[in-house]
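This report concerns only the one structure given below.
Here the structure is a predicted model, which means the values were calculated and not measured. For the numbers below, each heavy atom of this structure counts, side chains included, while hydrogens, waters and symmetry mates do not.
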Amino acid sequence: MIFSHSSPPPSMDLANPGPIHILGAKCPLYPQIPLAKMTTLRVGGVAEWYMAPRLLDDLYGALAWANSEGLPITVLGAGSNLLIGDRGIPGLVISTRYLRDYHLDGSLGIVKVAAGFPLPKLAWELASRGLSGFEWAVGIPGTLGGAVVMNAGAHRSCLADNLIEVEVLDSDGGIVTLPRSALGYSYRTSCLQGSSQLVLGATLQLQGGEDPLLVRRRTDKHLKQRHGTQPYHRPSCGSVFRNPKPQAAGWLIEQAGLKGYRVGGVHVANEHANFILNSGQGTAQDAIAVIRHVRDVVRHRWDVELQPEVKLIGEFSQDVSDLW
């Protein structure tokens, strides 16, 4: 997805582009913040403006400010499953990393979780309380908000299996609660993708009354399986392509002989061919070149058009509209 450059906001002092404080928010806005280290692939340019709110009032204030300035808004969770362009992201980037509240009703197996809560931490927390049904999420390096939007999943389970309802903030500042049936869930997608609605949190249904030790053992088994089959501890953006069911993208890529294929500092992982890795000096342009080559080779070899699962955001040095 390509955004056009926006002009500097009227409130920005070009002679002193430091942090600014806005009405209704205790957390300041910071200009020109590098984003690469905030993503799991470790690539991408800078945010024109950046805020990591700790309170919902900070979030509301930031959104009101961006709307008054006519700036686009991008939400960033754990920085997984996305690829930020080398030219960065214009407008306001809001990180949900500090929005981590959650409230649990163990007797009913219901948990209300804020958008920035990490999925692995949530999986372990629920397991320790004998709540099952979320073990699958322990190996996904994302946040609840991102999981709700893309219907994250693993081990034949997905977020939609647990979701009761989601709380979103509309572009006009109103808070709306949407049931699962309103989200148009399918494989790795929902109607929230591309929407102006911002996920604040969600209510999940789990199964209670189990022995915490047994739930933790299942959770640990899922994590070990993840570690054993994927380059879990190396810089990657997660699965690059959706599986073209009934086939698996990783198998198609591997059979096409593309493991290890490299452009610059980015290459196809040897551990799992549906992952690309950053060796340390990679750029978004390198990643795009690898993704495009893999897609083209698989199309030629198998007559299958792979669709990216990774989300492209910000400005790229080349046209990426064919990938999204």
- Message: Could you walk me through whether Arg295 and Asp322 satisfy the salt bridge (charged side-chain N to carboxylate O under 4.0 Å, His left out) test, starting with their C-alpha distance in whole Å, then the side-chain angles of each, then the deciding distance to 0.1 Å, before giving a yes or no?
- Response: CA-CA 11 Å; Arg295 181 204 58 182; Asp322 63 310; 3.0 Å; yes
- How close do Phe134 and Ala123 get, heavy atom to heavy atom, and via which atoms? O-CB, 3.6 Å
- Ignoring hydrogens and geometry, is there a side-chain-to-backbone donor-acceptor pair from Asp161 to Cys158 under 3.5 Å? yes
- Query: If you look at every heavy atom in Pro53 and Ser95, which pair is closest and at what distance?
  - Reply: CD-O, 3.2 Å
- Can you hop from Ile288 to Phe275 via hydrophobic side chains spaced under 4.5 Å? no
- Task: To the nearest 0.5 angstrom, please state how far the CZ atom of Arg188 sits from the CG atom of Leu159.
- Result: 10.0 Å
- Query: Do NZ/NE/NH1/NH2 and the carboxylate oxygens of Arg129 and Glu125 come within less than 4.0 Å?
  - Reply: yes
- Task: Evaluate the side-chain proximity of Gln32 to Trp49: yes if any heavy-atom separation is below 4.5 Å, no if none is.
- Result: no
- Message: Could you tell me if the side chain of Leu131 sits less than 4.5 Å from the side chain of Val215, heavy atoms only?
- Response: no
- Item | Connected via hydrophobic side-chain network under 4.5 Å: Leu126 and Trp124 | no
- Is the backbone of Leu99 close enough, under 3.5 Å, to the side chain of Thr96 for a donor and an acceptor to pair up by distance? no
- Task: Classify the side-chain pair Gln318/Arg292 by whether it contains a donor and acceptor separated by less than 3.5 Å.
- Result: yes
- Message: For Lys259, is there an ion pair with Glu254 - N to carboxylate O distance below 4.0 angstrom?
- Response: yes
- Donor-acceptor contact below 3.5 Å, side chain Gln225 vs main chain His155: no
- Please check if the side chain of Glu165 supplies one atom and the backbone of Pro179 the other of a donor-acceptor pair under 3.5 Å. no
- Query: Sub-3.5 Å donor-acceptor pair from the side chain of Asp170 to the main-chain atoms of Gln197, do we have one?
  - Reply: no
- Hey, are the side chains of Arg87 and Phe316 touching, using non-hydrogen atoms and a 4.5 Å cut-off? no
- Got Phe117 and Val111 here, is their nearest side-chain heavy-atom distance under 4.5 Å? no
- Query: Is there a donor-acceptor contact under 3.5 Å linking the side chains of Trp136 and Asn162?
  - Reply: yes
- In this structure, SG of Cys27 is separated from CD1 of Ile94 (nearest 0.5 Å) by 10.0 Å
- Task: Identify which one of Leu144, Leu104, Ile164 satisfies the side chain to side chain contact (heavy atoms under 4.5 Å, CB included) criterion when paired with Leu204.
- Result: Leu144
- Message: Can you give me the closest heavy-atom contact between Ala256 and Arg301, atom names plus distance?
- Response: CA-NH1, 3.5 Å
- Query: Going through the distances and angles, do Arg242 and Glu309 end up as a salt bridge (charged side-chain N to carboxylate O under 4.0 Å, His left out)?
  - Reply: CA-CA 5 Å; Arg242 294 183 173 93; Glu309 180 175 318; 5.8 Å; no
- Is it the case that one hydrophobic cluster holds both Leu119 and Met150, taking links as side-chain heavy atoms less than 4.5 Å apart, direct or via other members? no
- Roughly how far, to the nearest 0.5 Å, is CG of Leu323 from CG of Leu306? 11.0 Å
- Query: Is the shortest distance from a Lys or Arg side-chain nitrogen in Asp303 or Arg299 to a carboxylate oxygen in the other one below 4.0 Å?
  - Reply: no
- Message: Tell me whether Ser236 contacts the main-chain N or O of Gly238 through its side chain, where contact means a donor paired with an acceptor under 3.5 Å.
- Response: yes
- Query: Between Leu312 and Leu82, is a side chain to side chain contact (heavy atoms under 4.5 Å, CB included) present by the stated rule, with each step listed?
  - Reply: CA-CA 6 Å; Leu312 310 180; Leu82 58 81; over 6 Å; no
- Considering only heavy atoms from C-beta outward, does the side chain of Val46 approach that of Leu35 to under 4.5 Å? no
- More than 12 heavy atoms from other groups under 6.0 Å of CD on Gln255: yes
- Task: Please tell me if the side chains of Ile276 and Asp286 come closer than 4.5 Å, counting only heavy atoms from C-beta onward.
- Result: no
- Verify, without hydrogens or angle tests, whether Tyr102 (side chain) and Leu122 (backbone) share a donor-acceptor contact under 3.5 angstrom. no
- Message: Would you compute the distance between atom CG of Asn278 and atom CZ of Arg42 and round it to the nearest 0.5 angstrom?
- Response: 9.0 Å
- Donor-acceptor pair between Glu210 and Ser132 side chains, under 3.5 angstrom: yes
- Query: Between Glu271 and Arg234, is the closest basic N to carboxylate O distance under 4.0 Å?
  - Reply: yes
- Mark yes or no for whether Arg97, through its side chain, and Thr143, through its backbone, hold a donor-acceptor pair below 3.5 Å. no
- Scan Leu56, Val168, Leu169 and name whichever one has a side chain to side chain contact (heavy atoms under 4.5 Å, CB included) with Ile175. Leu169
- Starting from the C-alpha separation in whole Å, work towards a yes-or-no answer on side chain to side chain contact (heavy atoms under 4.5 Å, CB included) for Leu183 and Leu163. CA-CA 10 Å; Leu183 300 178; Leu163 187 72; 3.4 Å; yes
- Message: Tell me whether Asn151 contacts the main-chain N or O of Ala160 through its side chain, where contact means a donor paired with an acceptor under 3.5 Å.
- Response: yes
- Can you tell me how far CG of Leu41 sits from OG of Ser80, rounded to the nearest 0.5 angstrom? 11.0 Å
- Message: Hydrogens and angles aside, do Asp86 and Gln285 bring a side-chain donor and acceptor to less than 3.5 Å of each other?
- Response: no
- Task: Run through Leu178, Leu200, Thr203 and flag the one making a side chain to side chain contact (heavy atoms under 4.5 Å, CB included) with Val166.
- Result: Leu178
- Could you pull out all residues at least two apart from Tyr232 that satisfy ring-ring contact (aromatic ring centres under 6.0 Å, His included)? His227
- Go through the steps to decide whether Leu71 and Trp65 satisfy the test side chain to side chain contact (heavy atoms under 4.5 Å, CB included), and finish with yes or no. CA-CA 9 Å; Leu71 296 177; Trp65 175 83; 3.6 Å; yes
- Task: Determine whether Gln307 and Glu305 make a side-chain contact, defined as any pair of heavy atoms from C-beta on separated by less than 4.5 Å.
- Result: yes
- Message: The test is side chain to side chain contact (heavy atoms under 4.5 Å, CB included); show your working for Leu83 and Cys237 and say whether it passes.
- Response: CA-CA 7 Å; Leu83 178 57; Cys237 55; 5.7 Å; no
- Task: Please confirm whether the backbone N or O of Lys26 pairs with a side-chain atom of Asp58, one donor and one acceptor, at under 3.5 Å?
- Result: yes
- Same apolar cluster: Leu277 and Val290, side chain cutoff 4.5 Å: no
- Message: Quick check: do Met38 and Ile33 have side-chain heavy atoms less than 4.5 Å from each other?
- Response: yes
- Task: Under the ring-ring contact (aromatic ring centres under 6.0 Å, His included) rule, collect the residues that match up with Tyr261, sequence neighbours excluded.
- Result: His293
- Message: Can you tell whether the side chains of Lys112 and Asp105 come within less than 4.0 Å, N to carboxylate O?
- Response: no
- Message: Let me confirm one number: the OG1-CD1 distance from Thr39 to Ile84, rounded to the nearest 0.5 Å.
- Response: 5.5 Å
- Item | Near-ring test Tyr30/Tyr50, centroid separation under 6.0 angstrom | no
- Query: Would Leu59 end up clustered with Val148 when hydrophobic side chains under 4.5 Å apart are linked, directly or stepwise?
  - Reply: no
